[in-house]
Amino acid sequence: MFQGGIAMPEYNPREIEPKWQKRWEDDKLYKAVIDHDKPKFYALTMLPYPSGDIHIGHWYAMAPSDARARFKRMQGNNVLFPMGFDAFGLPAENAAIQRGVHPKGWTLRNIDRERQQLRSMGAMFDWDREAISCLPGYYRWSEWFFLKFYEMGLVYRKQAPVDYCPSCKTTLAREQVIGDERICERCGAQVVKKDLKQWFWKITNYADELLDFSKIDWPDRIRLLQTNWIGRSEGASVVFKIAPEDLPDDVDPAMGDLVVFTTRPDTLWGSTFMVLAPEHPLVHVITKPEHHEEVHAYQIQASRQTEIERLSTDKEKTGIFTGAYAINPVNDARIPIWVADYVMMGYGTGAIMGVAAHDERDFKFASKFALDIPVVIEVAEWIEDGRPLPLPHAYPGEGNMINSGPFDGTPAPYPAKEKVTEWLAERGIGKAAVNYRLRDWLISRQRYWGIPIPIIYCDTCGAVPVPYEDLPVLLPDDVDFRPTGESPLKYHEGFLNTTCPRCGGPATRETDTMDTFVCSSWYQYAYLSPYYREGESVTGDATPIDPEEMAYWAPVDTYTGGAEHAVMHLLYTRFFTKVMRDAGLVNFDEPMLQCRNQGIILGEPRCGDCVDVKGTREGSAFRAESLTVYSFVDEKSWPDPVSSDTRVCGELMDRDDVSLKVRVSSDGALVVVLVDEGLAVDIPGKEGQGAITDILYHLDVEKMSKSKKNVVAPDDLVAKYGADTVRAYLMFGWRWEQGGPWNGQGMEGVIRWINRIWNIITEEPRAPEAAGDGAPRELLRAVHYAIKSVTADMESFSFNTVIARLMELTNALSRAKPALWSTEVWDEAITALLLMLAPVMPHIAEELWAHLGKPYSVHTQPWPTWDAAMLVEEMIEVPVQVNGRVRGRVTISADADEEAIKMAALADENVQRHLEGKQVVKVIVPRGKLVSIVVK
RNA sequence: GGGGAAGUGUCGGAAUUGGCAGACGAGCAUGACUUAGGAUCAUGUGCCGCAAGGCGUGCGGGUUCAAGUCCCGCCUUCCCCA
């Protein structure tokens with residue numbers, strides 16, 4: 001390497017990164033301590049689940065968040081940026097069942113490994129505040145919250161049909177059941193309904209408040225998802241009585257009051273039938289004996305369908321008449337009661353009033369079963385000669401009420417809805433009501449590896465909460481893991497058997513544990529004083545968090561993480577904070593003031609390995625007798641594609657465990673190659689005998705997964721390029737909120753840039769030049785423009801343009817170096833560059849900072865500020881448009897007035913050419929930045 | 001079916017209030033230095049055209065001196081909900 005006077009080694013991240021990481025740790029550089037002289041800033045990024053490896057997605061989420069936290073710190077804030085582990089959960093227990101390792105050991109080992117991996121990132125995590133949710137010092141407070149919620153009347157236990165995953169062998173919250181197929185969000189198995197006695201938290205008490213986002217700056221997408229999830233609708237509940245003769249004598253007459261919820265009480269007069277959900281408890285009570293068999297068969301059939309199938313408006317409606325009638329309370333009409341699967345037990349009351357003319361599904365149902373379709377909202381375009389035409393479809397729109405007794409002529413839905421509701425209330429047959437889609441939070445899980453639910457069952461006293469003073473209810477270590485589908489706690493005598501805290505009699509403990517989302521609902525507070533008062537006995541009046549820490553740091557100022565938690569974690573934690581507020585534990589309403597979501601890094605598209613197979617034709621397929629593999633990395637040395645009777649050769653496009661799909665020509669023709677189990681497969685670069693599933697097949701953009709072998713491992717990247725390069729690339733390569741496929745090539749651009757920075761600062765110029773007059777000014781302009789842009793872009797999470805602006809500044813330095821090296825301006829410029837690099841690439845920034853002899857540490861320096869005066873240019877170039885097309889440019893003094901710019905523009909040679917023979921209609925000079933000439 | 005987000009070179013992506021489309025980087029091409037290059041440096045690179053010029057931000061209209069950006073109507077992809 002060509003060098004100037006000072007010998008300086010090449011950039012070597014393997015040496016400088018561990019060096020500075022150790023120094024920062026020794027110096028406690030990132031320890032967050034309360035300091036009332038500084039504004040606090042709590043930056044938080046979602047904590048990982050310790051599954052064994054930190055992957056590139058974690059880096060993508062955390063590294064830019066770290067850069068922003070560091071930026072905030074340099075701006076003068078006292079920044080807290082903690083990290084911990086969401087350590088309870090199913091994978092640990094599955095590992096225990098499948099491989100005989102204890103969940104605790106498995107989890108803690110994974111945490112040790114992941115903590116090391118996270119340290120290599122060089123983030124400013126304050127490890128002194130680490131919190132691990134599966135440790136008693138943490139979950140003791142999770143239990144405490146359960147008791148506090150219980151005390152506040154927000155906890156109840158009920159028998160209910162709940163979603164149950166047969167594969168995970170536990171119940172799930174409604175939020176954990178995904179989409180049309182009703183699959184488990186964890187394992188992908190289809191969820192079934194099960195009737196179990198379970199614990200619920202009354203999140204619905206806070207439904208309305210959770211709809212209010214006015215105090216937080218959160219992504220629109222999240223707010224919309226939460227709003228839809230809560231699903232508030234306003235309307236009325238109306239009581240329909242079952243016709244007295246249809247109610248069996250041995251039934252309490254009060255049971256004959258069928259309450260329905262409707263968002264359109266103004267259409268009540270058009271209700272000509274009622275529909276009950278197949279699961280409705282009244283169905284078997286009122287069904288006439290002659291209909292019993294049919295109705296029962298229908299109930300069974302309905303239970304087999306998914307919710308999606310049942311609710312689809314496209315679907316042919318099905319249903320069955322019960323033989324019973326109800327009375328429409330507004331006109332005393334006798335209306336038939338049907339059972340149909342398009343009514344769900346989970347929504348409203350599980351019973352609806354059918355208004356055929358004004359609801360699409362009711363219309364289809366009524367059409368199918370030839371029920372009356374009376375119109376009660378005037379539909380102007382469907383009336384001819386004053387008589388209504390048969391409706392082609394339902395009319396849910398506006399119009400005046402008709403055929404509705406006292407309300408004829410009232411405009412609907414407004415103000416008709418209010419008026420009808422008042423009228424119903426006066427008569428005691430209905431009232432205003434609000435319905436929510438949101439259900440209470442089901443927190444019971446039939447698993448071992450979770451927070452014990454602090455409840456004791458006593459034959460005399462019933463369910464009794466464990467006294468606060470007795471917490472924590474410890475999870476026993478010595479349990480048997482059997483794939484029985486029941487919690488091992490059920491068979492642990494020492495855990496199970498206890499005495500009733502109320503009467504002292506023999507009792508048993510609750511063996512279900514809590515949903516892991518309970519842990520993460522309050523972890524942002526746990527960091528403030530991890531494992532607070534561990535080992536001490538506490539009461540219900542205690543505070544789970546050190547009050548001084550809480551008062552200073554909370555709430556979170558910026559929260560970053562994945563959008564996949566929109567209706568689970570991000571809703572639960574808001575709920576949790578609101579309850580904590582009502583319990584007097586915090587004095588604010590929202591846990592995180594600002595929230596931003598990063599996208600997902602997908603796998604890199606890659607070509608498959610090439611296989612060269614000798615064998616014989618077998619119909620349209622080919623049976624392999626020998627097989628040679630050429631790695632996808634050596635594409636140039638692949639043999640040409642072949643498809644003959646004895647040989648098939650080409651890129652592997654897909655495979656399963658007995659066959660390969662091989663692309664045998666450039667037009668994409670595929671041959672299926674059958675491979676017997678014992679066939680020898682040599683994979684280049686792999687020890688010993690391979691299996692055909694080890695051969696890599698062609699991949700388009702897909703999620704990273706171990707089975708597809710397209711996972712990008714941060715550890716490998718750090719080993720090859722250093723953490724600084726990985727951090728910078730993750731900030732540069734994608735729009736952060738969006739993410740996208742990985743591209744290994746892009747990394748090269750960043751390492752080149754970093755090497756250039758290193759060389760620019762550490763090497764003297766090879767061919768110094770005399771400085772021109774404008775050079776210092778030009779460099780300073782570049783510096784101040786960069787400071788201005790980078791400051792704004794850091795603030796707005798626009799990380800890719802942060803890097804672009806820093807690269808531009810590097811280019812400017814590169815140009816200016818021969819003339820300005822070691823001048824005052826040069827020093828100002830490289831100082832500013834290093835300060836701005838510090839949040840992005842903390843190690844190299846520190847190393848070069850030290851190299852320049854500046855005081856340790858670059859990370860405790862103030863963020864540079866920009867001077868507007870520095871941005872002003874003396875001469876500016878103004879583009880000149882003629883009829884909207886750029887026809888010339890004029891360079892003119894920046895302080896020239898509009899008239900001078902106009903004159904210069906009109907004088908331009910090329911502009912003149914385009915004005916020839918035309919008449920200038922108008923000349924516009926917006927903000928002196930451009931000239932627009934209109935000609936005819 | 002309803003709601004939301006997105007659509008810009010070969011690729012990732014830039015583009016305050018409507019104001020020079022394609023910043024920055026990758027890739028590619030040419031050259032320099034090299035025993036060598038997948039290193040480094042320099043130059044070029046939206047498309048068509050020798051050029052003048054023309055065409056270009058999913059498609060079709062509109063507003064405007066000026067539209068990636070605003071309005072209307074479509075198409076495609078992804079997400080959420082029913």
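Proteins get letters first, then strands, A, B, ... in listed order; numbering begins at 1 in each.
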* Structure fact -> Given the 90°-from-0 boundary between syn and anti, B:G9 should be labelled syn
* **Donor/acceptor link under 3.5 angstrom from A:Arg889 side chain onto base of B:C20** => yes
Ignoring the backbone of [X], work out which of [options] is nearest its side chain.
| X | options | answer |
| --- | --- | --- |
| A:Phe732 | B:G4, B:G25, B:G53 | B:G25 |
| A:Arg756 | B:C20, B:G25, B:G4 | B:G25 |
| A:Val886 | B:G13, B:C20, B:A23 | B:C20 |
| A:Lys788 | B:A14, B:G19, B:U16 | B:U16 |
| A:Thr801 | B:A14, B:U16, B:G53 | B:A14 |

Can you tell me how far [atom2] of [N] sits from [atom1] of [X], to the nearest Å?
| X | N | atom1 | atom2 | result |
| --- | --- | --- | --- | --- |
| A:Asp793 | B:A23 | CG | C1' | 12 Å |
| A:Arg735 | B:C24 | CZ | C1' | 15 Å |
| A:Leu930 | B:G18 | CG | C1' | 12 Å |
| A:Asn743 | B:A26 | CG | C1' | 7 Å |

For [X], report the nucleic acid contact type (base, sugar-phosphate, nothing); a contact means any heavy atom under 4.0 Å.
| X | result |
| --- | --- |
| A:Arg223 | nothing |
| A:Ser932 | base |
| A:Asn811 | sugar-phosphate |
| A:Gly739 | sugar-phosphate |
| A:Asn800 | sugar-phosphate |
| A:Trp753 | nothing |
| A:Ile924 | base |
| A:Leu225 | sugar-phosphate |
| A:Arg752 | sugar-phosphate |
| A:Gln745 | sugar-phosphate |

Do [X] and [Y] have side-chain atoms, one donor and one acceptor, less than 3.5 Å apart?
| X | Y | answer |
| --- | --- | --- |
| A:Tyr436 | A:Asp208 | yes |
| A:Thr791 | A:Trp866 | no |
| A:Asn811 | A:Arg756 | yes |

* Asked: Which residue, A:Asn883 or A:Trp229, contacts RNA chain B at a nucleotide closer to its 5' end, judged by nearest heavy atom?
  -> A:Asn883
* **Position toward the 5' end of RNA chain B (nearest nucleotide), A:Ile803 or A:Asn755** => A:Ile803
Counting only Watson-Crick pairs (N1-N3 plus N6-O4 or O6-N4) and G-U wobbles (N1-O2, O6-N3), all under 3.5 Å, who is the partner of [N]?
| N | result |
| --- | --- |
| B:C41 | B:G31 |
| B:A66 | none |
| B:A36 | none |
| B:C47 | B:G54 |
| B:C78 | B:G4 |
| B:A26 | B:U10 |

Expressed in whole Å, how much space separates the [atom1] atoms belonging to [N] and [M]?
| N | M | atom1 | answer |
| --- | --- | --- | --- |
| B:A23 | B:A15 | C1' | 8 Å |
| B:U69 | B:U8 | P | 14 Å |
| B:G19 | B:A26 | C1' | 30 Å |
| B:G22 | B:G12 | C1' | 13 Å |
| B:C74 | B:C79 | P | 24 Å |
| B:C11 | B:G46 | P | 14 Å |
| B:G68 | B:G4 | P | 25 Å |

* Can you check whether A:Val711 reaches A:Ile56 side chain to side chain, under 4.5 Å on heavy atoms? -> no
* **A:Gln594, CD atom: more than 12 neighbouring heavy atoms under 6.0 Å** => yes
* To do: Please check if the distance between the ring centroids of A:Tyr729 and A:Trp59 is under 6.0 Å.
  => no
* **Non-hydrogen atoms of A:Lys720 and A:Arg14 that approach each other most closely** => O-NH1, 4.1 Å
* To do: Tell me whether the guanidinium CZ or amine NZ of A:Arg805 lies under 6.0 angstrom from the six-membered ring centre of A:Tyr785 and within 45° of its axis.
  => no
